[in-house]
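Some notes on the structure that comes next.
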Amino acid sequence: MLITELKSKETIASLVNGKNVFIINCQGCKEVHFPEKESVNLQRELAADGRLTGVITTDYICNVENMKLRLKKHMDEIEEADVVLVLSCGVGVQTIAEYLENKTVYAACDTIRVPGFQGVTPLEYKCDQCGECYLNLTGGICPITACSKSLVNGQCGGSKNGKCEVDGEMECGWERIYRRLEEIGRLDLVKCPTQIRNYATDDEVSK
């Protein structure tokens, strides 16, 4: 189980400013915490502005087959949206970004590290619960878990033929990120100043 908290109002506003939005809520870990009230308020604000194209609330985004079936029923609403805003842990955001590969998918939450065993996901995606999600800067591919060195400022000089120098069987995470940003027309994000990683949040325990 994972704990998520909504990003700041300023951050959310910058992500959805002037855009039509489709929202996906994942309440699979609701018994631990899900920012339900904040999500409802956000939906109301977007609906009042006529910018909310639709909403899905599901138990587990990481149940891929079920999620695909649900998304197919809402594809017209998703196509109307400029961005898809996902309220879930990093695993859920990566799952949606992979499936909607031509759509800009944003993480609305940060995932907070908690001690102990959090369960097992059958997916290849991982969330390191670093407390400051980078997925909005990297096209929905996590640089912390997709890169062997957890680099947040682009690839190192050791990758060769698209493969990681640490693990020759592993695809270079930053090459994946570059291709995804190119696909959704957001290579401008590569030129942005790097968001310095705050390691203090990495060991934070939710109270």
Side-chain angles (χ1 to χ4, degrees), residues 1-112 123 125 127 129-142 180-181 183-186 188-189 192 195 206:
M1 298 299 177
L2 300 176
I3 295 177
T4 55
E5 65 178 12
L6 201 68
K7 289 179 177 290
S8 69
K9 289 185 177 180
E10 294 75 19
T11 298
I12 297 293
S14 69
L15 296 175
V16 304
N17 184 34
K19 299 179 176 68
N20 291 329
V21 182
F22 186 89
I23 290 179
I24 300 177
N25 295 309
C26 180
Q27 297 186 347
C29 298
K30 186 178 179 180
E31 54 268 75
V32 178
H33 180 69
F34 174 77
E36 187 167 13
K37 182 184 295 186
E38 296 92 330
S39 176
V40 170
N41 291 338
L42 178 60
Q43 292 172 44
R44 287 174 177 168
E45 292 173 7
L46 291 170
D49 292 339
R51 295 191 288 122
L52 183 66
T53 67
V55 179
I56 291 177
T57 297
T58 185
D59 287 338
Y60 289 97
I61 290 178
C62 51
N63 184 336
V64 178
E65 295 307 316
N66 177 61
M67 194 69 242
K68 287 180 179 178
L69 291 173
R70 300 203 66 179
L71 288 175
K72 285 180 180 179
K73 296 179 180 179
H74 294 269
M75 286 310 297
D76 288 342
E77 297 171 341
I78 292 172
E79 287 301 322
E80 290 178 19
D82 300 305
V83 301
V84 174
L85 196 63
V86 183
L87 282 78
S88 79
C89 71
V91 173
V93 179
Q94 292 176 80
T95 302
I96 298 298
E98 178 72 17
Y99 184 71
L100 302 176
E101 58 183 0
N102 297 318
K103 182 68 67 172
T104 298
V105 175
Y106 285 137
C109 298
D110 290 316
T111 307
I112 307 303
L123 304 178
Y125 314 114
C127 177
Q129 306 162 50
C130 64
E132 50 170 350
C133 192
Y134 280 83
L135 293 170
N136 297 339
L137 301 174
T138 54
I141 298 173
C142 178
R180 174 67 59 77
L181 292 176
E183 182 72 26
I184 63 175
R186 291 306 312 272
D188 59 295
L189 292 173
C192 292
Q195 176 180 317
S206 179

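Side-chain contact annotation: S14 with E10, donor-acceptor N/O pair under 3.5 Å absent.
For the atom pair L135 CG and D110 CG, the distance stands at 9.5 Å (nearest 0.5 Å). Summarising the geometry, atom CD1 belonging to I61 is positioned 10.0 Å from atom CZ belonging to R70; distances are rounded to the nearest 0.5 Å. The CD atom of Q27 sits 9.5 Å away from the CG atom of L87 when rounded to the nearest 0.5 Å. Between the CD atom in E101 and the CZ atom in R180 there is a gap of 7.0 Å [rounded to 0.5 Å]. Rounding to the nearest 0.5 Å gives a distance of 8.0 Å between NZ of K103 and CD1 of I78. With rounding to the nearest 0.5 angstrom, the OG1 atom of T4 is 10.0 Å from the CG atom of N25.
Looking at L100 and M75, their side chains come closer than 4.5 Å, going by heavy atoms from C-beta outward. Here the side chains of I24 and L71 are in contact, with some heavy-atom distance below 4.5 Å.
The two residues L85 and A108 make their nearest non-hydrogen contact at CG-CB, 3.8 Å. Closest approach of T11 to K7, counting heavy atoms only: CG2-CD, 3.8 Å. Across Q129 and I112, no two heavy atoms sit closer than the pair OE1-O, 3.8 Å. Across V16 and R51, no two heavy atoms sit closer than the pair O-NH1, 2.6 Å. Contact record, N66 with T58: ND2-OG1, 4.0 Å, taken as the closest heavy-atom pair. What you find for S88 and T111 is that their closest heavy atoms are O-OG1, 4.4 Å.
Of the candidates C127, C142, C26, V91 forms a side chain to side chain contact (heavy atoms under 4.5 Å, CB included) with just one, namely C127.
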